[in-house]
Amino acid sequence: MPQSKPPIVIVGGGHNGLVAAIYLAQLGHRVRVIEAQPRVGGLCGEHEFAPGFVAPIAAHELSLWSDQLTRQLGLPVESQPSTSLASSDNSASSTSSTSTAGAASPVGAPLGLNVLFPQTLQLSAHDTAALEALSRQLRRWQPLLRMMLQNPMPSLVSAKWSERWHLLKLAMRLRVSGKTSTQEFLRVVGSNVWDWLSDHLESDALKAGIAYAATLGNSQGPRAPGTVFNLLYQQALSQAPSPAGRWRFIFQAPPPERTRLTVRALTHYLHARALQLGVLIDTDSPVRRIDVDEGKVVGVTLDCGETIAAEVVIAACDVKTALLTLVGPAHLDTDLVRRLTRFRSLGTTAKLQLALKNTLPPFAHGGAVGSGRYVVAESLVQLERAFDAIKYGEIPSEPCFEFTVPSVLDRSVVSHANAHVLSVIIHPVCFRPKAGWEHAGPQLIERVLNALERLIPGLRGEVSAQALLSPVDLETRCRVSGGHWHHGELILDQALFARPVYGLTQHLTPIGGLILASASNHPGGGVHGLAGLNAAKLVHQRAPAALRLSPEGA
Amino acid sequence: MAPSARVAPNAPEVLVVGGGHNGLVAAAYLAKAGRSTLVLERSDRVGGAAVSRSMYPEFTYSNCSYVCSLLRPSILRDLDLPRFGLQIIPYDGGCTLTRTGDYLALYDDKDALFRELSRHSRRDAESYARYVRDVLRQCHFIKPLLEREPVDPTGLGWHNWREFKFLAKHVTDLGEQRLYDTWRFFTMSAADFLDEYFESDLIKAHLAGTSIIGTGLSPRSPGSAYVLLHHYMGDIDETVGAWGFARGGMGAITSALAQAYEGLGGQIRTEAEVERFLVKNERVCGVRLSTGEEIYAPTVLSNLDVKRTFLTCMDPRDVPAPLMQSVQRFKIRGSSGKLNIALDELPLFPALPADAPCRRGDMHITDTMESLEWAYDDWKAGRWSARPYVDMLIPSQIDPTMAPVGKHYMSVFVQYCPYELHDGAWTDAKRQAFGDCVINAIAAHSPNFKSAILHTEIRTPWDLEQEVGLTEGNIFQGELTLDQLYFNRPVPECAQYATPIRGLYLCGSSTHPGGGVMGAPGANAARRVLRDLRS
């Protein structure tokens with residue numbers, strides 16, 4: 001007797017969960033997304049931290065999201081012009097590589113990292129040329145990096161020819177970039193950004209800005225081996241700003257005609273599109289358990305007691321929450337439990353929201369604060385010292401951070417005419433300071449405000465409300481283990497075919513029908529939706545019975 | 001006895017520049033194969049950083065390297081070194097003394113070790129066997145690669161293909177799970193690796209010490225787990241991970257090497273400082289000494305580190321620009337200090353039980369993982385560590401040749417000590433202050449230590465560079481980080497020991513498999529030279 005198939009259940013309505021939902025719904029599957037918070041978005045979500053002020057919970061800029069995915073998912077980007085379609089703020093951003101005295105000259109995103117500097121940065125001819133050379137070098141590695149990061153990792157020792165062929169293609173992609181280029185890649189991929197950048201560039205502020213972007217989200221500082229991998233990761237997934245699609249090195253913010261998605265808009269579009277396709281989205285519905293019977297999923301049980309039957313469950317939450325909390329160690333073998341427990345995922349990112357009631361003062365150098373992502377890390381030493389402090393459970397004496405002002409372009413985040421929201425990501429901080437967040441939090445805020453005041457005089461006086469989300473807060477609020485930016489350290493020993501742990505690399509688990517789809521998976525964190533996309537493809541391609549790891553592996 | 005040199009003694013086929021242990025090993029293998037070889041050494045004796053010196057009457061110091069483990073057994077056998085007086089005496093375990101008057105000792109005897117570890121953490125005592133097993137697994141993985149030329153990932157050629165096939169099989173034979181473990185091991189930090197086995201901070205701190213020896217890394221730096229392995233993969237008499245003293249000091253090793261080499265027909269000239277490698281038409285043709293004398297030979301091996309070879313001892317016009325750039329980017333950073341101390345009596349360490357065998361092993365005084373990090377952070381800031389990691393040994397307890405009866409020689413290895421201080425160059429006063437810092441740290445655990453001191457030699461990385469010629473006093477001739485190992489060591493163009501300058505080879509620790517008194521770089525380089533000469 002034919003019974004209607006149960007819907008595919010997706011635990012977690014963060015961006016990966018929504019991407020997976022849309023992909024599958026487009027192909028005709030019935031999908032149900034279950035989200036614990038009142039709103040979808042997860043770490044891409046937002047909250048009203050003070051009456052009339054809405055700020056991003058964590059992610060506040062999109063440099064890794066691809067237009068191709070926007071098109072592939074059919075996101076209705078034209079539908080809501082009032083919600084922050086970014087037309088670039090010309091007055092602050094237009095620049096040339098030589099700045100006029102007194103005007104803002106934010107140095108824009110070299111290498112697609114989307115980093116702006118809040119101070120005036122004059123680059124020497126040497127550095128200009130060096131950045132150009134680095135950009136060319138990175139372009140040569142781009143095909144390999146994209147192929148490696150956008151697709152599931154092949155198994156290194158598989159007997160399957162499809163896997164071996166994939167490996168061979170990766171090797172060939174690298175080799176065709178040239179002998180020297182191949183050698184250089186193999187040399188630097190394990191190197192540290194401090195040395196790598198210092199080998200090429202002179203300007204300490206420039207190096208620090210790039211190194212900040214490279215080390216964002218993890219607990220290892222710029223001198224740590226392996227951080228160049230993180231830089232390459234960011235760089236590989238970020239999108240060419242030029243309409244021509246070619247990588248080019250830029251010193252200025254993107255040209256005005258290019259529309260740039262904000263995180264708020266993206267989350268909105270993902271939500272809207274999912275609803276449009278008939279995806280059921282339950283918010284305020286924390287999941288208590290993923291129900292497993294005889295080695296396969298049979299559904300989920302919510303905190304309120306309701307059970308939802310399912311043959312396929314996509315866990316779009318971090319791997320430890322999915323397997324250790326929701327499934328439970330009783331259903332997993334001890335070796336896997338041990339590996340998962342050791343998967344390092346203590347977050348090092350805090351979020352500070354500032355409400356400015358009346359005005360947004362200009363930078364000390366006179367330029368207006370624009371719509372970009374400003375990075376405040378004035379030297380490599382400052383950045384390294386911040387990472388040193390967190391080793392000892394201390395708040396850095398000179399914290400490094402980045403900020404955006406979403407309200408410059410999107411006025412719907414504030415309800416007063418001249419109000420603004422400053423969204424600050426402070427990185428690194430320790431997960432649990434020795435002094436406890438009750439004492440360390442105010443100290444941290446004070447130090448950040450002081451630094452901001454130096455850059456934007458008068459800012460402190462304008463702050464009418466503030467809120468700090470520590471990594472512990474992010475963990476609790478978003479139900480992400482450790483509140484970790486990447487849902488688990490993105491570091492070589494937990495990356496590529498080692499991510500998240502042995503045996504779980506390709507989204508499959510030992511439990512039939514349970515698929516993992518979060519930043520804990522390859523490739524890692526950042527708002528790019530690849531985990532959701534790759535997991536969804538897998539679910540579509542295989543029958544539920546085939547969605548499990550065989551004892552020997554996938 | 002080996003065949004005598006084919007060519008007249010004053011027209012050698014091969015020159016080896018630098019009489020450190022790798023240079024001697026390379027020269028010995030070449031001489032053994034019948035090549036007439038001449039070793040040129042700047043100072044008045046060979047040995048480099050593996051020397052015994054009498055800096056104080058009746059005492060012998062191993063004043064640079066101080067313990068032996070990594071010397072390849074194959075080299076010991078091939079060159080018959082025991083016949084030339086080399087005797088390595090293993091020592092039993094080591095210990096860490098805590099600030100609270102407690103200690104952690106390691107014993108060779110498994111039961112004693114289990115009891116001692118249990119005293120600190122029962123869980124850790126049970127994990128220890130698993131830890132050793134897993135580290136040994138990595139030793140077994142890496143050992144076959146130590147005495148083979150690294151593959152060239154971009155190269156063609158029959159020999160390279162053979163090496164690649166060996167490596168590929170070696171790796172795939174691991175199977176997926178072991179490969180995953182090995183990958184993680186090579187990219188992890190020692191701290192994270194130790195966290196997977198142990199909970200006791202003291203046990204971790206004791207084991208983490210070997211992950212920072214000679215490096216510009218801390219136990220939390222990714223890649224430091226490899227350094228831990230590097231110091232574990234030696235063996236003495238088939239016991240993997242064992243360490244020992246060379247009877248007579250480390251100079252006994254190089255002295256045996258020199259004798260073996262000369263017995264094979266090799267020649268050594270000391271007080272012959274090479275100033276320049278002579279190059280003509282992109283081929284090396286010999287060397288020029290600082291006296292102006294020129295010695296010609298078609299094949300030259302440089303035992304100097306890669307920076308000294310190409311940046312100091314070559315005319316820049318002879319070095320291709322890409323090679324020059326690569327060599328400049330190779331990181332060689334000094335981070336180790338050394339004290340050599342003559343003592344009037346054996347220092348007491350009241351925290352240790354009487355007759356504890358660990359007194360004859362390596363004793364440490366850094367008892368927490370955090371203090372290792374502070375020590376590292378000090379070095380990053382251009383200061384010597386206020387609370388240094390100290391690795392001290394008293395070889396005279398086992399080897400009576402090092403000191404008169406009842407008196408003792410103590411070797412103190414210190415991490416970290418910068419090559420250049422944040423406020424300028426080393427002065428005598430600063431050196432003394434560094435030494436005092438270390439002595440005070442030891443004296444806190446030994447009531448009679450200070451009063452027993454007859455003589456102290458304090459060596460900073462700068463001193464090591466001046467005396468031995470190691471750039472920045474880095475004991476490995478270059479950092480042992482992932483980007484500087486295997487086919488990246490020292491630079492891709494020279495990773496198979498040959499350089500872009502025909503006839504010029506590198507044979508020192510700047511090459512694979514790196515530093516420590518191993519001899520493998522020298523042996524591998526010699527094999528490469530012989531292969532090239534035959535073809």
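Order of the sequence lines sets the chain letters (A, B, ...), proteins ahead of strands, with each chain counted from 1.
- At a 4.5 Å heavy-atom cutoff, the contact between B/Thr481 and chain A is made by side-chain atoms alone.
- Most heavy-atom pairs under 4.5 Å with chain B, from the set A/Gly190, A/Gly226, A/Pro225: that is A/Pro225.
- In the model, A/Thr227 has no side-chain atom that pairs as donor or acceptor with a side-chain atom of A/Gln220 under 3.5 Å.
- Between the side chains of B/Gln477 and B/Thr471, no donor-acceptor pair of N or O atoms lies under 3.5 Å.
- Put simply, of B/Thr172, B/Leu482, B/Asp377, the one with the most heavy-atom pairs under 4.5 Å next to chain A is B/Asp377.
- Ranked by heavy-atom pairs under 4.5 Å with chain B, the first of A/Gln183, A/Glu184, A/Arg385 is A/Gln183.
- In this structure, B/Arg148 is positioned above the aromatic face of B/Phe166, its NZ or CZ under 6.0 Å from the six-membered ring centre and within 45° of the axis.
- Of the N and O atoms on the side chains of B/Ser385 and B/Trp374, not one donor lies less than 3.5 Å from an acceptor on the other residue.
- For B/Phe185, no part lies near chain A; criterion is any non-hydrogen pair under 4.5 Å.
- Using cut-offs of 30° and 60° for the angle between ring planes, the B/Tyr197 and B/Tyr131 rings count as perpendicular.
- For B/Asp195, no part sits under 4.5 Å from any heavy atom of chain A, backbone or side chain.
- Interface remark: of the candidates B/Arg220, B/Arg184, B/Glu196, B/Glu196 forms the most heavy-atom pairs closer than 4.5 Å to chain A.
- The shortest distance between side-chain heavy atoms of A/Asp195 and B/Asp483 does not fall below 4.5 Å.
- The pair B/Asp181-A/Arg339 meets the salt-bridge criterion, with a side-chain N (NZ, NE, NH1 or NH2) lying under 4.0 Å from an Asp/Glu carboxylate O.
- Between chain B and the options A/Thr182, A/Val501, A/Asn192, heavy-atom pairs under 4.5 Å are most frequent for A/Val501.
- Looking only at heavy-atom pairs under 4.5 Å with chain A, the residue among B/Met188, B/Glu493, B/Gln484 that has the most is B/Met188.
- The closest side-chain heavy-atom distance from A/Leu383 to A/Trp194 is not below 4.5 Å.
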*Quick one: do B/Phe186 and A/Leu492 satisfy side-chain contact (heavy atoms from CB on, under 4.5 Å)? Show the steps, please.*
CA-CA 9 Å; B/Phe186 276 71; A/Leu492 281 175; over 6 Å; no
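- A perpendicular orientation is assigned to the rings of A/Tyr233 and A/His486, their planes being inclined by more than 60° (bins at 30° and 60°).
- Neither the backbone nor the side chain of A/Leu174 comes within contact range of chain B; no heavy atoms are under 4.5 Å apart.
- With a threshold of 4.5 angstrom between heavy atoms, A/Arg175 approaches chain B through side-chain atoms but not through N, CA, C or O.
- B/His512 contributes atom NE2, which lies 9.5 Å from atom CD of B/Glu149 (distance to the nearest 0.5 angstrom).
- Relative orientation of the A/His427 and A/Tyr212 rings is perpendicular, given thresholds of 30° and 60° on the angle between their planes.
- With a 4.5 Å cut-off on non-hydrogen atoms, B/Tyr486 does not touch chain A at all.
- The contact between B/Leu217 and chain A is made entirely by side chain atoms (from C-beta outward), counting heavy-atom distances below 4.5 Å.
- Of all residues in residues 324-333 of chain B, those placing a non-hydrogen atom less than 4.5 angstrom from a non-hydrogen atom of chain A are B/Arg329, B/Lys331, B/Arg333.
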